[in-house]
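Every chain is numbered from 1, with letters handed out A, B, ... down the list of sequences.
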Amino acid sequence: MTLSRRETLALGLGAFAASFVLPKIATAATEDAIAAFTGGAELGQGDLTLTAPEIAENGNTVPIEIDAPGAESVLILAAGNPNPDVATFNFGPMAGAHTASTRIRLAGTQDVIAIAKMSDGSFVEARQEVKVTIGGCGG
Amino acid sequence: MAENVKPRVRVPSSASAGEVVTIKTLISHQMESGQRKDSEGNTIPRSIINRFVAEFNGETVVDVKMEPAISTNPYFEFQAKIPESGTMSFTWYDDDGSVYEDSQEITVG
């Protein structure tokens with residue numbers, strides 16, 4: 001198949017437009033996930049620490065740690081993944097400290113977002129950008 | 001799909017009353033995300049562990065809802081309060097309905 005100059009230009013424009021539309025869809029999914037968790041409440045800053053590496057060579061296993069004293073539950077989102085949900089930690093009465101570590105998959109360089117629901121009903125947010133060298137979603 | 005699933009937990013065998021101990025858990029599981037394709041281009045169906053619960057004497061320590069973005073061989077590290085002797089029990093729930101369990105005694109002395 002050979003492409004004329006006009007067709008090539010059109011394809012290029014299409015790809016250019018798609019590059020704007022796709023992140024928008026991902027952002028909308030993230031916003032939906034946040035809204036479902038918070039019920040539309042405002043996000044503040046507070047007692048929530050999200051620790052993630054600045055640069056992760058392998059997106060298949062990125063170690064993250066949350067520390068949220070006074071939080072009932074913590075939602076973790078990866079805004080740049082095909083599906084932004086990562087995990088929700090619910091702390092019970094026997095939790096010694098409201099900290100947890102796990103390993104997650106990241107499709108590419110993106111923000112990892114943690115949102116904590118505090119025991120007083122407020123919500124706080126923490127973000128950390130992780131640069132990923134090799135993405136971890138297969139394909 | 002989920003074969004050779006083997007939970008491993010690291011729990012101290014003793015603690016002093018009221019001590020906060022660190023608990024580490026790892027379970028071997030391929031955590032197929034449902035995003036990957038096989039060599040013929042067919043999507044490999046999702047097959048993950050979707051929930052993990054740790055309890056001490058029946059009271060929740062952590063209850064984690066897991067999505068496909070959790071890595072292969074899910075690992076968790078967290079803290080538990082140990083007021084008295086008892087059993088730490090761990091439960092993993094698989095998409096296919098399987099439930100994997102492990103438990104360990106902690107003695108307060």
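- In this structure, A:Val86 is not a member of the same hydrophobic cluster as B:Tyr75, with clusters built from ILVMFWY side-chain heavy atoms closer than 4.5 Å.
- For B:Thr72 and A:Arg103, the side-chain atoms include no donor-acceptor pair closer than 3.5 Å.
- Contact annotation for B:Thr43: neither backbone nor side-chain heavy atoms come within less than 4.5 Å of a heavy atom of chain A.
- Between A:Asn90 and the choices B:Asp63, B:Val62, B:Val64, the side-chain contact (heavy atoms from CB on, under 4.5 Å) rule is met once, by B:Asp63.
- Within the 4.5 angstrom heavy-atom criterion, only side-chain atoms of B:Leu26, from C-beta onward, approach chain A.
- Hydrophobic clustering (ILVMFWY, side-chain heavy atoms < 4.5 Å, transitive): A:Leu43 and A:Val74 are in distinct clusters.
- Not one N or O on the side chain of A:Thr102 forms a donor-acceptor pair closer than 3.5 Å with the backbone of B:Phe76.
- Highest contact tally toward chain A, considering only B:Ile82, B:Val53, B:Val20, is held by B:Val20 [criterion: heavy-atom pairs under 4.5 Å].
- Linking Ile, Leu, Val, Met, Phe, Trp and Tyr residues whenever their side-chain heavy atoms come within less than 4.5 Å leaves A:Leu48 and A:Leu77 in two separate clusters.
- Here B:Gln79 is the residue among B:Glu59, B:Gln79, B:Glu19 with the most heavy-atom pairs under 4.5 Å with chain A.
- Of the listed residues A:Ala87, A:Ala97, A:Ser101, A:Gly92, the one with more heavy-atom pairs under 4.5 angstrom with chain B than any other is A:Ser101.
- Between chain B and the residues A:Pro63, A:Ala95, A:Ser73, A:Ala100, the most heavy-atom pairs under 4.5 angstrom are made by A:Ala95.
- With a 4.5 angstrom heavy-atom cutoff, A:Ala78 does not touch chain B via any of its atoms.
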Evaluate side chain to side chain contact (heavy atoms under 4.5 Å, CB included) for B:Glu77 paired with A:Glu65, printing each intermediate quantity in order. CA-CA 9 Å; B:Glu77 181 182 332; A:Glu65 189 182 339; over 6 Å; no
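- At distances below 3.5 Å, not a single donor-acceptor pair connects side-chain atoms of A:Asp85 with backbone N or O atoms of B:Glu67.
- Interface check for chain A: of the options B:Ser71, B:Ala69, B:Pro68, B:Gly41, the most heavy-atom pairs under 4.5 Å are formed by B:Ser71.
- Cluster membership for B:Phe52 and B:Val61, using ILVMFWY side-chain heavy atoms within less than 4.5 angstrom, is shared.
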